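Working notes, beginning with the structure itself.
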Amino acid sequence: ICKAISEGNFIMKQNPGMHFWVIVAGACSYSLALLYQGFSGDFGTMLFGSEADGQFLSMYYVFSNAVIGGFVAPAGIVLSEALGPKVLVLAMAISLVLASATLATTSWAGQIICSTALVSFISVLFTFFGKYVTFYCTANRFGVVQSLFVTYMVVICMPLFMGLSGLQSGLPHDLSMFQIPYLICGAVAAVTMLVFTALFLTQGPPEIPVISNDDAKEIASSFGCADLDQVVYVFRLAGQPELFQKLASSDPEELKNFYGQLDNERMKEITAKNADADAEK
């Protein structure tokens, strides 16, 4: 376990700036969602003047979470596959900024927009994390690296949530006790998400994931090859970036077509070459 965690941290250290901002943005936005959901009933009651209004705002958030969560997250996967991850990141940034900008509004329209935008962002967040991780690690390291991302996010999220909850309890018993923590968390979440978005749009994901020599040999051996260049050769690919793009696909048809590209003659050539190399050792 310790070795797997160490190798996962090694992968994350190769792109520390990008990872830092996406983790902080995710932690702050999730803290915001916890705050808003946890106090939406009391906030709505104080904002609109009746317990029925508070219950409606709370129920709307829960209802939209169920409905949007069932459609937006799958749509995010389709959008990422069809238009690329940059479009998905931009859409996420817009939804989070919209939610943060409408947090303190005192109208039903503003709160409905806020709830919808916030739920949409959170619904896509963890789906995006799963896709994001595949850009930076190979399939055999996916579980460890994704777990590390979530762990680091929770380490930031929970103290932030508890700190803002404590701040709320010390404020006057009026709208400011909700609006001030909301606005602080929303502003930090929006700014960090915009920084990550700018980095991701300008730099983009790497052409190939971070891979150790041992992992490269393991992947190559699963295809009966000695190294990744041989895998590229027997599948007639343009290079390793195309290889990892094919392997990272979630489309069964595309994976089937990829394995169908195997050139048997080249495979025989590589097998004979590797056998001769082993015999010389």
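Position 1 is the first residue of the sequence; numbering continues from there. Worth saying up front: this structure is predicted, and the values here are computed from it rather than measured.
Checked against side-chain contact (heavy atoms from CB on, under 4.5 Å), Glu242 has the following partners two or more places apart in sequence or in another chain: Leu237, Ala238, Lys246. Every side-chain hydrogen bond (donor to acceptor under 3.5 Å, both in side chains) that Asn9 has, sequence neighbours left out, goes to Tyr152. Listed by chain and number, the residues in a salt bridge (Lys or Arg N to Asp or Glu O under 4.0 Å) with Asp263 are Arg236 (sequence neighbours excluded). With sequence neighbours left out, the salt bridge (Lys or Arg N to Asp or Glu O under 4.0 Å) criterion links Arg266 to no other residue. Every residue was checked against the side-chain contact (heavy atoms from CB on, under 4.5 Å) condition with Pro159, not counting sequence neighbours, and none meets it. Listed by chain and residue number, Asp229, Gln230 satisfy the side-chain contact (heavy atoms from CB on, under 4.5 Å) test with Asp227 (two or more places apart in sequence, or in another chain). Checked against side-chain hydrogen bond (donor to acceptor under 3.5 Å, both in side chains), Gln261 has no partners two or more places apart in sequence or in another chain.
Taking Ile, Leu, Val, Met, Phe, Trp and Tyr as hydrophobic and joining them when side-chain heavy atoms fall under 4.5 Å apart, one finds Leu201 in a cluster with Leu90, Ile94.
When side chains are defined from C-beta on, Thr116 counts as touching Tyr60, because their heavy atoms get closer than 4.5 Å. Using a 4.5 Å cut-off on side-chain heavy atoms (C-beta onward), Lys131 and Thr134 make contact. By the 4.5 Å heavy-atom criterion applied to side chains, Val22 and Phe128 are counted as neighbours. Contact check for Phe244 versus Leu228: side-chain heavy atoms found under the 4.5 Å cut-off. Between Tyr182 and Gln179, the closest side-chain pair of non-hydrogen atoms is not below 4.5 Å. Within the 4.5 Å cutoff, the side chain of Phe135 has heavy atoms near those of the Phe200 side chain. Annotation: side chain of Phe223 is not in contact with side chain of Val234 (no heavy-atom distance under 4.5 Å). For the pair Met193/Thr197, a side-chain contact is recorded, criterion being any heavy-atom separation below 4.5 Å from C-beta on.
In this structure, Phe56 has its ring center no closer than 6.0 Å to that of Phe48. For Phe39 and Phe43, the distance between ring centers is not under 6.0 angstrom.
For the pair Pro181 and Leu171, the tightest heavy-atom approach, listed with the atom from each and the gap, is CD-CD1, 3.9 Å. Here the closest non-hydrogen pair linking Asn65 and Ser123 is OD1-OG, 4.4 Å. What you find for His19 and Met12 is that their closest heavy atoms are CD2-O, 3.0 Å. Summarising the geometry of Ala117 relative to Ser95, their closest heavy-atom pair is CB-O, 3.3 Å, with the distance given to 0.1 Å. Between Leu199 and Gly17, the closest heavy-atom pair is CD1-O, 4.4 Å. For the residue pair Leu194 and Ala93, the shortest heavy atom distance occurs at CD2-CB, 4.4 Å.
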For this session: Give the intermediate values and the outcome of side-chain contact (heavy atoms from CB on, under 4.5 Å) for residues Asp53 and Leu57.
Result: CA-CA 6 Å; Asp53 290 327; Leu57 182 61; over 6 Å; no

For this session: Give the C-alpha distance, both sets of side-chain angles, the deciding distance and a yes or no for side-chain contact (heavy atoms from CB on, under 4.5 Å) between Cys157 and Leu34.
Result: CA-CA 10 Å; Cys157 172; Leu34 290 175; 4.1 Å; yes

For this session: Might you work through the side-chain contact (heavy atoms from CB on, under 4.5 Å) test for Phe121 and Leu98, ending with a clear yes or no?
Result: CA-CA 10 Å; Phe121 177 85; Leu98 184 60; over 6 Å; no

For this session: Apply side-chain contact (heavy atoms from CB on, under 4.5 Å) to the pair Val231 and Ile219, showing each step before the final yes or no.
Result: CA-CA 9 Å; Val231 178; Ile219 293 172; 5.8 Å; no

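Atoms OG and CE, from Ser29 and Met153 in turn, are 7.0 Å apart once rounded to the nearest 0.5 Å. Interatomic distance, SG of Cys137 versus CZ of Phe149, reported as 8.5 Å (0.5 Å rounding). Separation of atoms OG (Ser221) and CG (Asn274) is listed at 11.0 Å; rounding is to 0.5 Å. If you take CG on Leu164 and CD1 on Ile180, they are separated by 11.0 Å, rounding to the nearest 0.5 Å. To the nearest 0.5 Å, atoms CE (Met158) and CG (Leu160) are separated by 10.0 Å. One finds the CD1 atom of Ile156 at 7.0 Å from the SG atom of Cys28 (value rounded to the nearest 0.5 Å).
Gln111 places a side-chain N or O within donor-acceptor distance of the main-chain N or O of Leu103, the cut-off being under 3.5 Å. Side-chain N or O atoms of Thr102 include none that pairs as donor or acceptor with a backbone N or O of Thr105 at under 3.5 Å. With Asn257 contributing its side chain and Glu253 its backbone, the two residues share a donor-acceptor pair below 3.5 Å. Checking side-chain atoms of Ser115 against main-chain N and O of Ile112 turns up no donor-acceptor pair under 3.5 Å.
Below 30°, between 30° and 60°, or above 60°: for Phe129 and Tyr132 the angle between ring planes is above 60°, a perpendicular geometry.
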Sequence neighbours excluded and cut-off under 3.5 Å, please list the side-chain donor-acceptor pairs for residues 184-191, or say none.
none

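Under the 3.5 Å distance criterion, with hydrogens and angles disregarded, a donor-acceptor pair is assigned to the side chains of Glu269 and Tyr233.
No continuous path of hydrophobic side-chain contacts links Ile122 to Met59 [ILVMFWY only; heavy atoms under 4.5 Å]. The same ILVMFWY cluster, assembled from side-chain heavy atoms under 4.5 Å apart, contains both Tyr36 and Leu167. Val97 and Leu125 fall into different hydrophobic clusters, defined by Ile, Leu, Val, Met, Phe, Trp and Tyr side-chain heavy atoms under 4.5 Å apart, directly or through other members. A single hydrophobic cluster is seen to contain both Met46 and Leu35, as judged by linkage of ILVMFWY side chains at heavy-atom distances under 4.5 Å, directly or through other members. One hydrophobic cluster, built from ILVMFWY side chains closer than 4.5 Å, holds both Val150 and Ile5.
Pairs of residues two or more places apart, or lying in two chains, that qualify as side chain to side chain donor-acceptor pair (under 3.5 Å) and include a residue from residues 165-174 are Asp174-Ser176. Sorted by first and then second residue, the salt bridge (Lys or Arg N to Asp or Glu O under 4.0 Å) pairs involving residues 136-158 (not counting sequence neighbours) are Glu7-Arg141, Arg141-Asp215. Listed by first then second residue, pairs satisfying salt bridge (Lys or Arg N to Asp or Glu O under 4.0 Å) with a partner in residues 101-111 number zero, not counting sequence neighbours.
Heavy atoms of other residues, nucleotides or ligands lying less than 6.0 angstrom from NZ of Lys217 number 12 at most. Counting heavy atoms of neighbouring residues, nucleotides and ligands inside a 6.0 Å radius, atom OH of Tyr30 does not exceed 12 of them. Residue-environment remark: CD (Gln203) exceeds the threshold of 12 foreign heavy atoms within 6.0 Å.
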